[in-house]
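Quick notes on the structure that follows.
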Amino acid sequence: MLILNKFLIIFFFSGIFYFGKYLNKKILFNFKENLIFFYSLILFLIAAFINVSFFFNLEHKNILNILFYAFILISILNYKNLLENIKSFFILIKEEKNKNYLVLIFLILIYLLISYLPTTDPDSLDYHLGAPDKWLKEGGFFKEFYWLNYRIIGFGEFLNYFGLVVNIKNFASITQFIYLILFCHFLKANNIFAKNQLEQNLIYLALLSMPIILSLIFSQKFFLMPCLIVVSSLIYCLKNIKTPKKINFFLIISSIYFSFLVKLNFIVYFFIINILFLKLFKTKTFLKVILYNIILIIIISPFYLRNFIFYGDPISPFLEFIKVNPDISYVNFANYLREYETDT
């Protein structure tokens with residue numbers, strides 16, 4: 001079952017694609033240009049559902065399994081389109097005479113294989129997978145005072161939990177591989193590069209050849225994904241800020257929320273993008289931005305509220321130092337994390 005589900009995850013992500021195409025016919029949101037943000041919204045909602053389920057102690061495993069197989073079913077129902085896309089891909093490889101393109105395809109296949117390898121890095125085994133595994137065994141979220149890394153879990157660990165529920169231990173690495181492809185698609189769909197195919201392939205090749213990509217895909221730590229979401233959001237907003245009608249603000253804002261909920265470091269970009277939106281201050285669009293922020297704050301509030309109830313710190317352990325009687329071990333741990341992030 002485990003091996004089968006690792007194969008089925010590709011159909012899960014394919015199902016999200018076809019679901020998005022169907023929605024685009026109903027509510028038009030520039031699906032092609034916003035594909036990476038649509039995927040982010042779906043994963044954000046899955047993680048938020050798990051978060052709320054933990055907070056209110058609700059049964060959720062059956063729903064998560066139904067959701068997983070529902071997207072797979074959507075993919076299967078669109079099998080003709082899927083087979084046509086696969087056929088077109090192989091025809092393109094056969095006809096492509098550019099060696100850079102062939103190297104690019106080879107790199108993509110290598111990353112795909114790496115994303116399926118067993119996890120061995122300490123961080124992943126400690127809390128990126130360790131915390132979700134314990135939630136699965138104990139039936140939900142729990143208070144922990146001695147496991148320091150447990151304090152810094154986020155929506156990335158909720159997604160890993162989703163992976164464990166559907167018997168996929170490599171959910172993070174496979175997802176980040178998918179996001180690498182989505183980012184390349186984003187650059188092409190939004191005409192970020194010149195139309196020269198050779199130039200595009202060389203830029204993709206340079207991106208995929210970065211050694212850091214290898215380690216990030218191999219890990220079950222969600223870091224590459226929020227990086228690509230943030231970069232895509234900044235590019236898209238800067239490109240279209242003068243024509244705000246082209247921007248789907250809910251997709252962009254929810255994607256940025258998702259990024260900093262996965263990794264708190266990215267909250268800086270949340271403020272940067274909202275500052276960009278201040279240019280729309282005197283327009284009706286700005287009211288939409290405020291409304292979307294309020295809706296999303298309500299959705300994510302159980303995460304920070306639970307931390308406050310458990311530890312007296314909504315972003316534990318980073319506000320431990322302001323307590324009347326702070327625990328010096330958590331203060332030191334927070335300082336270590338700040339220094340570590342600065343050094344890296």
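- Using the six-membered ring where Trp is involved, F38 and F19 have ring planes that are tilted, between 30° and 60° apart.
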Problem set entry | Worked check of ring pair (Phe, Tyr, Trp, His ring centres under 6.0 Å) between Y150 and F141 | CA-CA 11 Å; Y150 184 75; F141 205 91; 5.6 Å; yes

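- Atom NZ of K323 has more than 12 neighbouring heavy atoms from other residues, nucleotides or ligands inside a 6.0 Å radius.
- Judged by a 6.0 Å distance limit and a 45° cone about the ring axis, R151 is positioned over the six-membered ring of Y311.
- For OH of Y22, the number of neighbouring non-hydrogen atoms (other residues, nucleotides, ligands) closer than 6.0 Å is 12 at most.
- The aromatic ring centres of F250 and Y257 sit 6.0 Å or more apart.
- Around atom OH of Y269, no more than 12 heavy atoms belonging to other residues, nucleotides or ligands sit under 6.0 Å away.
- More than 12 heavy-atom neighbours from other residues, nucleotides or ligands sit within 6.0 angstrom of CZ on F142.
- Side-chain contact annotation: D126 with N149, donor-acceptor N/O pair under 3.5 Å present.
- Between F222 and F155, the ring center distance fails the sub-6.0 Å criterion.
- Under the rule for a ring pair (Phe, Tyr, Trp, His ring centres under 6.0 Å), F49 has no partner lying at least two apart in sequence or in another chain.
- Counting non-hydrogen atoms of other residues, nucleotides and ligands closer than 6.0 Å to NZ of K288 gives a total of 12 or fewer.
- Between I252 and I247, the shortest heavy-atom distance links the atoms CG1-CG2, 4.0 Å.
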Give the C-alpha distance, both sets of side-chain angles, the deciding distance and a yes or no for ring pair (Phe, Tyr, Trp, His ring centres under 6.0 Å) between F249 and Y292. CA-CA 8 Å; F249 288 94; Y292 294 154; 7.6 Å; no

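- Taking the six-membered ring for Trp and the full ring otherwise, F31 and F17 have centroids separated by under 6.0 Å.
- The minimum heavy-atom distance linking L43 with T175 is given by the pair CD1-CG2, 3.8 Å.
- Of the possible donor and acceptor atoms, none in the side chain of N51 sits under 3.5 Å from a partner among the backbone N and O of A47.
- Checked against the 6.0 Å centroid criterion, the rings of F54 and H60 qualify as a close aromatic pair.
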